[in-house]
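Report on the structure given below.
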2 protein chains.
Amino acid sequence: MNLRLARTSCIECPIRHRAVCAECDDTELAVLEGIKSYVTVPKGGRIAEAGESLDHLSSVVSGCATVSKTLADGRRQMVGLLLPSDFIGRPGRATLSFDIEAATDVTLCRFQRRAFEAIIRSSPNVARRLLTMTLDELDVARDWQVLLGRLTARERVIHFLLSLVRREATETGAAHRSGPVRLELPLSREMIADYLGLTIETTSRQFTALRKDGLIETPTARTIVVPDLLNLMPEAMDEDGGPIA
Amino acid sequence: MNLRLARTSCIECPIRHRAVCAECDDTELAVLEGIKSYVTVPKGGRIAEAGESLDHLSSVVSGCATVSKTLADGRRQMVGLLLPSDFIGRPGRATLSFDIEAATDVTLCRFQRRAFEAIIRSSPNVARRLLTMTLDELDVARDWQVLLGRLTARERVIHFLLSLVRREATETGAAHRSGPVRLELPLSREMIADYLGLTIETTSRQFTALRKDGLIETPTARTIVVPDLLNLMPEAMDEDGGPIA
DNA sequence: CGGAAAGTTGAATGAAGTCAACGAGAGTGG
DNA sequence: CCACTCTCGTTGACTTCATTCAACTTTCCG
């Protein structure tokens, strides 16, 4: 798998049109092709640690990673969820402020920091794409702030589920706004709790409550079936109260 | 005030070296000079509303503005605090996802969207600066997520005060890590509560508690005196438990 | 001076956290 | 193949911190 990917050209890359290279022309792509390398981090592995110096920037090709901060007394809050096409690292600054860990096996497309920074300077298509992606991440972070600051436990869990549905929809291109959906959760209950700013117990109780209310089914702990999205969405308490954009 | 600013050249601009134009050379600055205009929004005024289309991008020159979201049932969460040099708007997308309001009288340096977007394309110094600023904002938003998700009411208020101290320090260049500090709060208790994801009452009680503990003095509701920062910082519960960078 | 808005304080309520026990699967090794 | 263990997830009982509802005080402006 790792080896096969190592020979994969950017043209056939599954994230070619969504990652930081999305807007590259053939020339730029060839340059990136020349400096890229693939790495696979096993589930549970550390991709980066807060404060440490990173000499590679990378894109997530497959799998799921978490961005989080742990306080001195062990309290932990997730602040980012990285899925295929998401970018890791900060051009222009070597040190990261957050921990990044592999929630599943994660394959990364890596670029040496110096080389990539040079590309950003010479290739406006990469710089522009990175700005767009960062602005999108900022919007996500701010919506997340609203969730953490003002939503109830139940609303948070519903939001989490809907955001997974939405991300999956944008990846596959399918836009279901109603009907049954099956979700494979990439995160454990503990990670979901860290995502939502709740405890494991509260998170678990909310899943149970949603199941008892018939809004979800849970064939296994990691599998969620939503019989009808339309039943879940009204409770999401988005600013307009309506379905998700 | 407004008129005087309208004649101010970028060279003398108070935010010249911190705003989106910080890295511009003289040529680029001259282009910006040509398309900029100043606007002053009175305290309480709306600068932009979620969902509406913006045809100007701007920098905050003076004053303080808030970025927030209001849910259908009135719950409100602040997700950004804009101070001098901060940028408003999103190149490449006309609609904003959040409300922006003037917490004090705010003076903006505005650029027509289309013209500014052209400059971003032609002037890498502006694009690069904007990327850096956006990445910084993302870090702020993520630290804010930690505050909202995991800190107690007392810790949140302390963090809020320390972040104001820090921002003031970076503006004036003075780096006090101990000793007395005087703060003029740009926000009402209600806005602080929206910032911290708390109610007005809880926020007020925490100020009272900090006063009773001798950590702060409150000559007026809007003025906070911190006799010694070193007493406040240990309670901030940063990841390392130590003083603020 | 008077009225509204902003801020503080108190008492009661409630949602989520804590502590603790229990149950279900997954993997290991006899 | 089954027993064993270990991790993960669920459930229950109780506690706690922040919210809610309400009254009161102070400050700000017209």
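Every chain is numbered from 1 and lettered A, B, ... according to where its sequence line falls, protein lines coming before strand lines. What's counted below: heavy atoms across the whole structure, side chains too, no hydrogens, waters or symmetry copies. None of the values given here were measured: they were computed from a predicted structure.
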Side-chain donor-acceptor pairs under 3.5 Å in residues 195-202 of chain B, sequence neighbours left out?
| from | atom 1 | to | atom 2 | distance (Å) |
| --- | --- | --- | --- | --- |
| B/Thr199 | OG1 | B/Thr202 | N | 3.2 |
| B/Thr199 | OG1 | B/Thr202 | OG1 | 3.0 |

Roughly what angle, to 10°, lies between the helix axis at the start of the helix from C/dC1-D/dG30 to C/dG30-D/dC1 and the one at its end, five pairs per end?
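The helix from C/dC1-D/dG30 to C/dG30-D/dC1 shows an end-to-end axis angle of 40°.
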Carboxylate-amine/guanidinium contact B/Arg75 A/Glu155, below 4.0 Å:
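Here B/Arg75 pairs with A/Glu155 in a salt bridge, since their nearest N and O are under 4.0 Å apart.
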Would you call B/Asp86-B/Arg167 a salt bridge at under 4.0 Å N-O?
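A salt bridge links B/Asp86 with B/Arg167.
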Would you mind building the protein contact string for nucleotides 9-16 of chain C? One character per nucleotide, 5' to 3', B for base within reach (heavy atoms under 4.0 Å), S for sugar-phosphate only, - for untouched.
BBB----S
Is any side-chain heavy atom of A/Leu57 closer than 4.5 Å to a side-chain heavy atom of A/Arg110?
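SC-SC contact between A/Leu57 and A/Arg110 ruled out.
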Is the shortest side-chain heavy-atom distance between B/Val146 and A/Leu71 below 4.5 Å?
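Answer yes - side chains close enough.
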Salt bridge (charged side-chain N to carboxylate O under 4.0 Å, His left out): which pairs involve residues 55-65 of chain B, sequence neighbours left out?
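Salt bridge (charged side-chain N to carboxylate O under 4.0 Å, His left out) check on residues 55-65 of chain B returns no pairs.
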Near DNA chain C, which residues from residues 215-226 of chain A have a heavy atom under 4.0 Å away?
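Under 4.0 Å from DNA chain C: no residue of residues 215-226 of chain A.
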How do A/Arg189 and A/Arg150 order along DNA chain D: which one's closest nucleotide is nearer the 5' end?
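By nearest-heavy-atom nucleotide position, the 5'-most residue is A/Arg189.
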Is the backbone of B/Cys64 close enough, under 3.5 Å, to the side chain of B/Thr104 for a donor and an acceptor to pair up by distance?
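Such a contact is found between B/Thr104 side chain and B/Cys64 backbone.
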Can you give the donor-acceptor pairs under 3.5 Å from side chains of residues 207-222 of chain A to other protein atoms, not counting sequence neighbours?
| from | atom 1 | to | atom 2 | distance (Å) |
| --- | --- | --- | --- | --- |
| A/Thr208 | OG1 | A/Ser204 | O | 3.1 |
| A/Arg211 | NE | A/Thr218 | OG1 | 3.0 |
| A/Asp213 | OD2 | A/Arg154 | NH1 | 3.0 |
| A/Asp213 | OD2 | A/Arg154 | NH2 | 2.8 |
| A/Thr220 | OG1 | A/Arg222 | N | 3.2 |
| A/Thr220 | OG1 | A/Thr223 | N | 3.1 |
| A/Thr220 | OG1 | A/Thr223 | OG1 | 2.8 |
| A/Arg222 | NH1 | A/Leu185 | O | 3.4 |

